[in-house]
Structures are given as structure tokens and as C-alpha cells.
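Heads up, the thing below is written out as C-alpha cells.
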Amino acid sequence: MACRSCRRQLVLLTRQANAVTELQPAAALRHPSLPSPDSRRTQFDQRRNFRSTPRQSGLLRRAIAGVFQRTAEPYRVVHATEDIYKACAGEALYTIPAKDRKAGTIAKTAEGEDIGEGKTMWHEDFKLPPTFSTWSQITMLHMYLVFARLRNLEREAARSWQQQLVDHFFFDAEERMDVAHGISSRGLRQRYLKDLFVQWRGVIAAYDEGVARGDPVLAAAVWRNVYKGRADADPRAIAAVVSWMRLCLKMLDQIPDELLYTQARAVFKWRARNELTLVDIPVRQLADQLTSETPPVKKAAA
């Protein structure tokens, strides 16, 4: 029996190969070309010399190259998107201790979600709990930034790369439900995955609106999705995430299309916590007001 990873790769390659096959033009089949009289005469010429040897036409070379390109394209898309997805999914990783899972002593949130162990920047600096919800929201946040950049590609290419990226996410999410959280029922996992897909569509719509309408709307989207609308969420942290998103979108936009698949991961090396120092700097409109409100320091009497 094939392992889970092998089945996952087989499904991804099959989907991508089918998608590429459906996009191939059928003009060559609809309009076959007939050989010219000169070519037919050359076929029956038994003399062998440089002049009688048929040369490989440019059309044939392009056809052969197209076959190899179509054959290799599914593998390139699957593996390139897998590398990008791993960079997105590795930002808020967490673990569920096996001993706690066996003993049934896993801590729960107020909503009944398992709390694991996580030591990433999102857990320590942004005070997010190490849960499946946090992991999925932070992963989708990174995926959205890549999605926005992929829209600049040709329509079919962008759709292919986006679909493969989403497939990696949902395969990984289902495996995490099974292995880390012990949800062995496939039907139950499928129900959770449907809810997760609805969240993913909502994330795209919310962040798109925020990017288009301004930072306050984008901050509200981050607060609703990443922080679940908590009343105790740190506004300073939310502002840093918004600033980091804007910076990542700018850096991704500066990467050429042909290098996007190899350099997109490098963008996420710039941590969101680095934007906290920028958030602490008052804007010019408030600089004078904050200075005037600062109480004067009294000198000590001699």
C-alpha cells in the first residue's frame, strides 16, 4: 500500500497533467498538413547525399520541444509550489505532545480547540496560541501574499499555480488533523476541511478589500481572522502585521515572473516583528501633538 505522501504526490501530478492536457490546442488535429510533391519525391529517392537527406523542420523541432515541455510542466509546478507552501506552512508550526494525547490531558481553549506547544515568532511575539486555528490562519495569510502576486501571471498559469498551492495546503491540513489531533474519521475531517475552505475564501475577500481600501480595513481583517476578533488583541501587533503585509507585497512585486518560483520564499525571511519598531515611530501628523502633551521636567531645587 502506498504511503500518504506518495498518494498525495500522485493526486497532485494527475490533476496538473489533466489540466495541462485540456489546455492544449487542437488546431494541428483539425487542420492536418499534406506533404508537398517535392517531399514525396524525396521519400522515394534512394540516393544518399547531403542534398537528399531531409532536414528537421522548425515545426517538428517546436513540436518535440512542446511535448517535452508539456510532460515536464506538471512536475515543475507541483514541486515549485510545494517549496513555496512549505515556507508558508512553517511560520507557525506547533506540536501536540504524544504523551498528553495518549493520556487525554491536552489543554483546551475556550472554544474547545487543542493547545499544543509552539515557539515561533507568531506564538511568542504576537501572543497567538499554538493551535490548529492559528497555524491555518498564519499559513493562509502567507499564501494570500503569494496568491496576490500570482495574479500578475497569465490567466491559465496563475490558475494552475494557485490551485496547486491550495491543494498542498488542504492535503497538509487533513494530515495534521489525523496525525496531530487524532481525528481518524475521514468523514469528520472532510467536514472540517469544508469549513476551512469557506474560511480560505473569506480570507481572500477580506484581505483583498483591505489592500484596496486602506490600512484600517486591512487591520480589521487581520483582527477578525488572525486574532478571531478578540477584545484583548494588541493594536500594536496588528499594525505591525499590516505593515509587514504591505512590505511583502511590494517585495514580491519586484521579483520577475521567471524568478518568482525560486525567490518567493526569501521574502518571508523578513520577520513581521521587525515592523514593531516602525509602528512605534509616531506619524508626522501626531509628532507635534505628542511633544506638546509631554509634561515638562521640573528641575530639582538647589
Side-chain angles (χ1 to χ4, degrees), residues 85-86 88-145 147 165-210 216-242 244-245 271-273 276:
Y85 169 73
K86 287 181 179 179
C88 298
E91 292 296 322
L93 284 177
Y94 69 101
T95 58
I96 302 293
K99 59 180 182 179
D100 293 341
R101 185 169 59 250
K102 291 180 180 180
T105 58
I106 302 177
K108 304 285 185 178
T109 63
E111 296 82 9
E113 190 176 6
D114 294 344
I115 300 178
E117 297 178 353
K119 297 182 179 180
T120 69
M121 169 196 67
W122 297 97
H123 301 133
E124 296 181 351
D125 295 326
F126 290 90
K127 309 304 179 184
L128 294 172
T131 61
F132 179 87
S133 178
T134 295
W135 170 81
S136 62
Q137 286 295 332
I138 296 301
T139 302
M140 288 189 289
L141 174 63
H142 288 74
M143 287 174 55
Y144 168 79
L145 300 175
F147 253 60
L165 199 61
V166 171
D167 287 344
H168 286 302
F169 171 60
F170 281 95
F171 273 118
D172 192 17
E174 183 178 10
E175 183 176 1
R176 189 171 297 275
M177 293 178 188
D178 185 10
V179 177
H181 296 275
I183 304 176
S184 58
S185 172
R186 183 174 179 82
L188 186 58
R189 293 200 304 268
Q190 290 299 318
R191 191 176 71 182
Y192 288 151
L193 289 175
K194 289 180 180 179
D195 294 339
L196 190 61
F197 181 74
V198 173
Q199 294 180 27
W200 166 239
R201 302 302 298 178
V203 161
I204 295 177
Y207 292 156
D208 275 347
E209 182 185 18
V217 180
L218 185 56
V222 172
W223 175 64
R224 291 194 310 269
N225 290 282
V226 176
Y227 286 91
K228 294 185 177 181
R230 285 169 23 199
D232 61 343
D234 185 7
R236 178 170 170 266
I238 296 176
V241 174
V242 171
W244 171 80
M245 291 178 66
R271 300 301 181 184
R273 64 186 173 195
L276 291 171

Heavy-atom closest pair, residues A237 and Y227: CB-OH, 3.4 Å

With a 4.5 Å heavy-atom cut-off, do I115 and I106 have their side chains touching? no

CG of D234 to CG of L276: how many Å apart, nearest 0.5 Å? 8.0 Å

Starting from the C-alpha separation in whole Å, work towards a yes-or-no answer on salt bridge (Lys or Arg N to Asp or Glu O under 4.0 Å) for K228 and E113. CA-CA 13 Å; K228 294 185 177 181; E113 190 176 6; 3.3 Å; yes

Closest non-hydrogen contact found for Y94 with G116 is CD1-CA, 4.5 Å

Looking at K99, I want to see if its NZ is surrounded by more than 12 non-hydrogen atoms of other residues, nucleotides or ligands under 6.0 Å. no

Looking at F126, I'd like to know if the NZ or CZ of R236 sits under 6.0 Å from its six-membered ring centre while staying within 45 degrees of the ring's axis. no

Do side-chain atoms of N225 reach the backbone of A221 as a donor and acceptor pair under 3.5 angstrom? yes

Which residues share a ring pair (Phe, Tyr, Trp, His ring centres under 6.0 Å) with W223, sequence neighbours left out: none

Looking only at non-hydrogen atoms, find the nearest pair between M245 and L145 and report the distance. O-CD2, 4.1 Å

Can any side-chain N or O of K127 pair as donor or acceptor with the backbone N or O of E124 at less than 3.5 Å? yes

Quick check for you: to the nearest 0.5 Å, what is the distance between K86 atom NZ and T139 atom OG1? 14.0 Å

Does R271 qualify as a cation-pi partner of W244, given the criterion of NZ or CZ under 6.0 Å from the six-membered ring centre and within 45 degrees of its axis? no

Distance alone, cut at 3.5 Å: any donor-acceptor contact between the side chains of Y144 and D208? yes

Tell me whether the count of non-hydrogen atoms from other residues, nucleotides or ligands lying under 6.0 Å of CZ in R230 goes above 12. yes

Please check if the side chain of R189 supplies one atom and the backbone of I183 the other of a donor-acceptor pair under 3.5 Å. yes

Has the side chain of R101 got a donor or acceptor atom that lies under 3.5 Å from a matching backbone atom of A180? yes

Is the F170 ring parallel, tilted or perpendicular to the F197 ring (thresholds 30°, 60°)? tilted

For residues I238 and A233, report the shortest heavy-atom separation together with the two atoms involved. CD1-CB, 4.1 Å

Nearest atoms (heavy-atom pairs only) where P130 meets G118: CB-N, 3.6 Å

Atom pair OG/CZ of S185 and R191 - distance to nearest 0.5 Å: 8.5 Å

Closest non-hydrogen atoms of A89 and W135, given as atom of the first, atom of the second and distance, are O-NE1, 3.1 Å

Judged by modelled atom types alone, do T134 and T131 share a side-chain donor-acceptor pair under 3.5 Å? yes

